[in-house]
Novice: 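Supplied in structure tokens, the structure appears directly below.
Atoms within a ligand are numbered from 1 in the order they appear, just like the ligands themselves. For reference, positions follow the sequence shown, starting with 1.
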Amino acid sequence: MTTIEDHATDGDDRDPLFARIPRRDFMKAGAAVGAVGSLAGCTGLLSDDGQVSAADADASVPPGEHDDYYAFLSGGHSGEIRVYGIPSMRQLIRIPVFGRESARGYGYDDRSSQMLEDAGGYSWGDAHHPRVSQTDNDYDGRWAFVNDKANGRMARIDLKYFETDAIVDVPNQQGTHGACCMLPDTKYVFGVGEFRVPMPNDGRELDDPDSYTSTIAAIDPESMNVEWEVLVDGNMDNGDGGKEGRWFFATGYNSENGVTESEMSSSETDWVKAFDVPAIEEAVEAGEYEEVGGVPLVDGTRDSSLNGGDRPIVRYIDVAKSPHGVSVTPDGKYAIASGKLDPTCSVIDIEALAETNDPNEAIVGRPSLGMGPLHTAYDGRGHAYTTLFIDSQVVKWDIEAAVEAADESEDPVVEKIDVHYNPGHLIAAESYTAEPQGDWLVALNKLSKDRFLNVGPMKPENDQLIYIGDDDAGMELVKDTPAYAEPHDASIVSADKIQPADIYDPEDYDEEFVDHDDSDIVREDGRVHVKMYSQRNEFGFQDVTVQEGDEVTFTVTNIETTPDLLHSLAIPEHDVNIKLAPQETREVTFTADEPGVYWMYCAFFCSALHLEMRSRLLVEPAE
Ligand code: K7E
Ligand code: CUA
């Protein structure tokens, strides 16, 4: 872990070039400068006053060195997750989730294409909120989850292999927007329904918006089954779970039940809904639900009898106009909802919520921060960092000062920094856990405008790295990183908390491992099953002959045990392309409908004889 705390002081006999670099990072920064020669003026590491910026130097991550953190960024309507190293901001890999992706063969082999098919068969999704599973309020490195706002789905990414291994199509939800884990131990993954629609949405009722509904869904992280849902008034937007296993919070911007923009933004207040999860579980246990879409649906509307007694299952908290993000502070004390159309954030005292009958009494602070507050992250030192979409800034503020402020003349704002431009989310290292690291923050800016070379009318977005580790020196903008549309949210996880595998374990998948001696071709009633291994530089069969019209299945294993030695099976003109990492087996099924010769080849450049690694598929004309 690299942090910057103890800045060098006077009497230091080091080269003045490094005077601002903390002692224990001196070697690393020295290496960074050394790597590009001694002309520090050319390195980009000098600040205006001729000093090396400590944060700059520390963020350089020289060639061959590793980052301190993994960052999982959503890809928005690209339907994927991107993995960055922090602080280098290097993109390490992409993980396709809701759409096919040919480099990985995702959506091409039978297993992954069946998964996409079973989840609705859509070719894209809108991935917003990647959240990593936690145990005891800390990242456990097992899974990441991400929502699909476009089609009401939730996906799971297995962090052993950095690949999507489950997608659930959430019943009764059209747009699953907010996503997050029930903490401390990821008992559920919550999907937060945004678009209100008729239930059932089968055309019998179209134009009665008051009867449209939205729900939150509690999904079991192991089985990915939807355990229960709660019906609410108004819509919902973002969500976050408390740290103690009781509360879940969701913002909503359409308490008006409107369908036009002006209807949706007419009311001066909307709600944060606080879900009392154990109370909901008791209601489910007691059978107090209706089964809709195959899942227990609990009535959490304001008029519901379940909201009448001492222990309402959903508390409706009035907050200013159309709030957007909500996140719980690392100590679990507050849920902070951002105003979006109002310059304030609402600070909700979670303990007070449990003790009062009037949920509005739980609002203990309402700092005025600037225009367009959207999302808030934490450094673990009592500060909140909120994006200001309209002001194009990140504002750092003191949480307890905002709570103690007797009136609005007491300003909890510590500092503002310009970002470029129009930030949506921001994320600080481990901000979603009980112990944020407090060093790096990334602002996910929607517009880059002129920050990069012009690439035409569709500009990249701009993910900016900001150093927040020095409260005296203030926030420091360190890096611009162009991003393809469209990162929304991210999770930043210490590198040592994730232990990806180097090669596959055949125990982890159902396909039959095909070793040297297992190569086989089984023919039966117009079906051909080819089992073959792959290794440098050959497939198990030099030729495979089938009949026109045969349904052909290839089961192929990469029997290599050397990490990073991938093969693939690509078949021209059959839309076949499966990726085979070491010890991985995949199956692909297709119809051989055009007679001819097809060179099956390996698409990963695996050795000097890679080009020769090809076999023939011979399709004989039908008689
Ligand atoms: Cu603000 Cu989906 Cu979290 Cu986008 S949401 S920015
Ligand atoms: Cu195997 Cu190229």
Side-chain angles (χ1 to χ4, degrees), residues 73-78 103 105 125-131 146-150 154 175-180 190-195 235-240 249-253 322-327 337-341 372-377 386-390 394 419 421-427 431-432 442-447 461-463 483 485-491 532-540 556-560 562 564-570 577-582 584 599-615:
L73 283 79
S74 61
H77 38 295
S78 73
D126 191 0
H128 281 216
H129 300 109
R131 296 297 183 98
V146 70
N147 69 298
D148 171 17
K149 167 164 161 161
M154 187 71 70
T176 301
H177 183 204
C180 73
F190 287 108
V192 181
E194 180 171 355
F195 301 137
N235 80 339
M236 287 178 288
D237 191 8
N238 278 283
D240 200 22
F249 300 89
T251 53
Y253 54 84
S322 300
H324 183 55
V326 59
S327 53
S338 308
K340 191 175 74 184
L341 302 188
L374 288 190
H375 292 282
T376 299
T386 300
T387 45
L388 301 173
F389 181 81
I390 297 170
V394 169
V419 295
Y421 301 88
N422 303 91
H425 270 268
L426 78 181
I427 181 68
S431 179
Y432 290 128
V442 179
L444 307 177
N445 305 310
K446 301 295 185 187
L447 309 187
E461 305 191 2
N462 189 9
D463 296 341
E486 170 176 348
H488 282 259
D489 192 3
S491 290
M532 65 182 193
Y533 64 87
S534 60
Q535 67 172 16
R536 283 162 287 173
N537 305 292
E538 62 185 19
F539 293 108
V556 194
T557 299
N558 175 351
I559 61 173
E560 308 268 2
T562 309
D564 209 9
L565 238 164
L566 276 74
H567 301 293
S568 83
L569 175 70
N577 177 44
I578 57 176
K579 170 220 71 170
L580 300 161
E584 183 177 22
W599 283 104
M600 304 187 287
Y601 75 102
C602 165
F604 283 97
F605 205 109
C606 51
S607 76
L609 284 166
H610 153 76
L611 294 171
E612 289 79 359
M613 184 174 173
R614 54 187 167 106
S615 296

Novice: Quick check for you: to the nearest 0.5 Å, what is the distance between S607 atom OG and Q535 atom CD?
Specialist: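 Going from OG on S607 over to CD on Q535, the span is 10.5 Å.
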
Novice: What does the angle at atom 1 (Cu) of ligand 2 come to, between atom ND1 of H567 and atom SG of C606, rounded to 10°?
Specialist: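 That angle is 110°.
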
Novice: Nearest to atom 6 (S) of ligand 1 by heavy atom, H128, H129, K446, H177: which?
Specialist: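 Considering heavy atoms of H128, H129, K446, H177, the nearest to atom 6 (S) of ligand 1 sits in K446.
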
Novice: Under a 3.5 Å distance rule, please check whether D148 uses its side chain to pair with a backbone N or O of D126 as donor and acceptor.
Specialist: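 Between the backbone of D126 and the side chain of D148 there is a qualifying donor-acceptor contact (under 3.5 Å).
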
Novice: Checking H177 against D237: is there a side-chain donor and acceptor pair closer than 3.5 Å?
Specialist: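 The criterion, which ignores hydrogens and geometry beyond distance, is satisfied for H177 and D237.
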
Novice: Quick check: does any side chain N or O of S74 sit under 3.5 Å from a backbone N or O of H488, one acting as donor and the other as acceptor?
Specialist: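 At least one qualifying donor-acceptor pair exists.
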
Novice: Please tell me whether H425 and H129 form a close aromatic pair, meaning their ring centres lie under 6.0 Å apart.
Specialist: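 That pair passes the under 6.0 Å test.
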
Novice: Need the ligand 1 atom indices (1-based, order shown) with element for anything under 4.0 Å from a heavy-atom of H375.
Specialist: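 So the answer, numbered in order with elements, is 1 (Cu), 3 (Cu), 5 (S), 6 (S).
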
Novice: Checking a contact table here: which protein heavy atom is nearest atom 4 (Cu) of ligand 1, and how many Å away?
Specialist: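 Closest protein heavy atom to atom 4 (Cu) of ligand 1: H488 ND1, 2.1 Å.
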
Novice: Within less than 2.8 Å of atom 1 (Cu) of ligand 2, any N, O or S from M613?
Specialist: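 An N, O or S atom of M613 is closer than 2.8 Å to atom 1 (Cu) of ligand 2, so yes.
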
Novice: With heavy-atom distances below 4.0 Å as the criterion, list the atoms of ligand 1 near N238.
Specialist: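 In order of number, 3 (Cu).
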
Novice: Restricting to N/O/S, name the atom of H324 that gets closest to atom 1 (Cu) of ligand 1.
Specialist: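 It is NE2 of H324.
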
Novice: For the CG atom of L566 and the SG atom of C606, what is their distance to the nearest 0.5 Å?
Specialist: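 SG of C606 is found 9.5 Å from CG of L566.
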
Novice: For atom 1 (Cu) of ligand 2, decide whether H610 has an N, O or S atom at a distance under 2.8 Å.
Specialist: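 It does not; every qualifying atom lies at 2.8 Å or beyond.
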
Novice: Between N445 and L447, is there a donor-acceptor pair closer than 3.5 Å when you use the side chain of the first and the backbone of the second?
Specialist: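 No; judged by distance alone, with no hydrogens or angles, the pair does not exist.
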
Novice: I'd like to know: is atom 3 (Cu) of ligand 1 within the 2.8 Å range of an N/O/S atom from H425, strictly under that distance?
Specialist: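 Short answer: yes, at least one N, O or S atom is under the cut-off.
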
